[in-house]
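The structure under discussion appears below in the form of structure tokens.
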Amino acid sequence: MTLLLKNWGNVWAKPFLKWAGGKGQLVPQLVKCLPPELQEAHIKRYVEPFLGGGALFFHIAQTYELEDFFISDANPELFVVYKVIQQDVEGLIKQLSEIQNWYFRMASEQQSEFYYNTRQKFNSARLKFDFAYYSHIWVERAAQILFLNRTCFNGLFRLNSKAEFNVPFGDYKNPTLCDTENLRTVSAILQKATLQQSDFSTCREFVDEHTFVYFDPPYRPLSKTASFTAYSSFGFDDGEQLRLARFYRELAQRKAKLMLSNSDPKNIDAADNFFEEAYAGFNISRLKASRMINSNAQKRGEISELLITNY
């Protein structure tokens, strides 16, 4: 049931955003843990309610011949970019190409100034921006998001308590600001997807026994000082983690195939059984991952992550 690449475009689509917690490096391990029903064509729909960078989504969309996809995220800024790529990828490419041409003509100091000016405009426009109704204005905002993401420090997407993007300039040499062919292939894939900016629970109506759901929520922090859940201005504390666990059980009753990623508390505390208790009765395994986002390079290393399945 492998899709031919020509069904989508000339290149293999990959995440177009650098994303904290992105699964690009883990896809080879995740693929080994996918439900066999995908290969057997019993799965008709893929659902991912914490989309983020979408690494696993892009892999599945280009590997299995599914009927449709439901993808969503609570982050409205992320939704803007996906929606624009789906609806007007050529308009986005035009604006990004113009930004790229200007940017590469600038000296380093001018690039830094341009970055901070763009960040200021992006934050100032937020209060007047209509996230509820798609319009041509969305294209400019999507271009700003992609530019900031590609030029900010460590490729972070971080919002403060006022929902303002506050990551400093990254000072990278010749960053790829407009990957035209990738954006076009992503757009082709998104034509089969239902996109929503919403809470994870809204995927409920799209889930039945022929559905595979992958949950990749903001990870439970391994320590009080290691928290990085600010992908949106909404928190995701232990109460939210437990609400997700209850929802996971609800979907399991529908006989959908479910897979969930999260941090492994036992990296820090062997006695921490939070997930063992929350997901009692399901299969819990561990994958090896590199901790890429940390201000201290000496603290970037291999740790384990949890993978929870109902099959």
Side-chain angles (χ1 to χ4, degrees), residues 11 13-25 51-55 58 73 75-85 88-127 129 131 137-187 228-233 290-297 300:
V11 300
K14 59 184 183 295
F16 51 85
L17 285 169
K18 298 179 184 178
W19 197 254
K23 289 296 175 290
Q25 59 154 322
L51 183 56
F58 291 124
D73 202 283
N75 188 324
E77 305 289 5
L78 185 66
F79 174 71
V80 165
V81 185
Y82 275 96
K83 195 67 176 178
V84 167
I85 293 175
D88 188 10
V89 70
E90 294 305 322
L92 177 61
I93 289 170
K94 182 176 184 294
Q95 290 211 19
L96 278 175
S97 296
E98 291 174 354
I99 292 173
Q100 183 169 268
N101 290 335
W102 298 332
Y103 189 76
F104 286 165
R105 292 190 186 120
M106 298 175 185
S108 180
E109 292 181 1
Q110 292 175 308
Q111 289 179 343
S112 176
E113 182 179 358
F114 181 75
Y115 173 87
Y116 285 110
N117 285 340
T118 302
R119 192 181 75 171
Q120 190 276 327
K121 291 177 183 177
F122 175 79
N123 288 329
S124 296
R126 189 180 193 282
L127 292 177
F129 190 83
F131 289 95
I137 298 174
W138 284 37
V139 179
E140 179 182 8
R141 192 161 187 86
Q144 290 175 337
I145 292 171
L146 286 169
F147 167 75
L148 292 171
N149 178 253
R150 287 291 173 177
T151 54
C152 73
F153 179 73
N154 255 356
L156 290 171
F157 187 94
R158 184 181 65 204
L159 304 177
N160 60 22
S161 60
K162 298 179 181 179
E164 295 174 332
F165 185 78
N166 65 350
V167 185
F169 181 56
D171 195 21
Y172 298 112
K173 302 301 179 185
N174 300 318
T176 301
L177 302 183
C178 184
D179 190 342
T180 300
E181 290 305 308
N182 187 59
L183 288 172
R184 285 175 175 155
T185 306
V186 169
S187 180
F228 185 84
T229 57
Y231 308 121
S232 71
S233 56
S290 296
R291 183 186 299 167
M292 297 302 293
I293 295 180
N294 195 304
S295 59
N296 186 340
R300 300 177 191 176

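The basis for the numbers below is simple: all heavy atoms, side chains too, and nothing from hydrogens, waters or symmetry mates.
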Open item on the list: Could you work out, with side chain to side chain contact (heavy atoms under 4.5 Å, CB included) as the rule, every residue matching T118, not counting sequence neighbours?
Closed with: F114, Q144, F147, L148
TODO: For F122, enumerate each residue passing the ring-ring contact (aromatic ring centres under 6.0 Å, His included) test, keeping only those at least two apart in sequence or located in another chain.
DONE: none
Without placing hydrogens or testing angles, list every side-chain donor-acceptor pair under 3.5 Å for residues 92-102, not counting sequence neighbours.
unit_1 : atom_1 : unit_2 : atom_2 : d
K94    : NZ     : E98    : OE2    : 3.0
S97    : OG     : I93    : O      : 2.8
Q100   : OE1    : L177   : N      : 3.2
Q100   : OE1    : C178   : N      : 3.1
N101   : ND2    : S97    : O      : 3.2

- [ ] Work out which heavy atom in T185 is nearest to a heavy atom in A13; give both atom names and the distance.
- [x] CG2-CB, 3.7 Å
Open item on the list: Determine whether a donor-acceptor pair (N or O, by modelled atom type, separation under 3.5 Å) exists between the side chain of D73 and the backbone of L51.
Closed with: yes
Task: Y103 (side chain) donor-acceptor with Q111 (main chain) under 3.5 angstrom - done: no
Task: Closest contact, heavy atoms only, N75 versus W19 - done: ND2-CH2, 3.9 Å
Open item on the list: In the structure I gave you, are the side-chain heavy atoms of S124 and F129 within less than 4.5 Å of one another anywhere?
Closed with: no
Task: ring-ring contact (aromatic ring centres under 6.0 Å, His included) involving F16 - partner list, sequence neighbours excluded - done: Y82
- [ ] Taking all heavy atoms of P15 and all of G54, pick out the closest pair and write down the distance.
- [x] CG-C, 4.5 Å
- [ ] Could you note down all residue pairs passing salt bridge (Lys or Arg N to Asp or Glu O under 4.0 Å) where residues 75-84 supplies at least one of them, sequence neighbours left out?
- [x] E77-R126, E77-R141
- [ ] Only counting residues at least two apart or in another chain, list the ones meeting side-chain hydrogen bond (donor to acceptor under 3.5 Å, both in side chains) with E181.
- [x] R184
Task: Pairs involving residues 164-180, ordered by first then second residue, that meet side chain to side chain donor-acceptor pair (under 3.5 Å) (sequence neighbours left out) - done: K14-D179, S108-D171, R158-N166, N160-E164
Open item on the list: Side chains of F165 and L156, heavy atoms from C-beta outward: is any pair under 4.5 Å?
Closed with: no
- [ ] Check L17 against L78 and note the closest heavy-atom contact, atom names and distance.
- [x] CD1-CD1, 3.4 Å
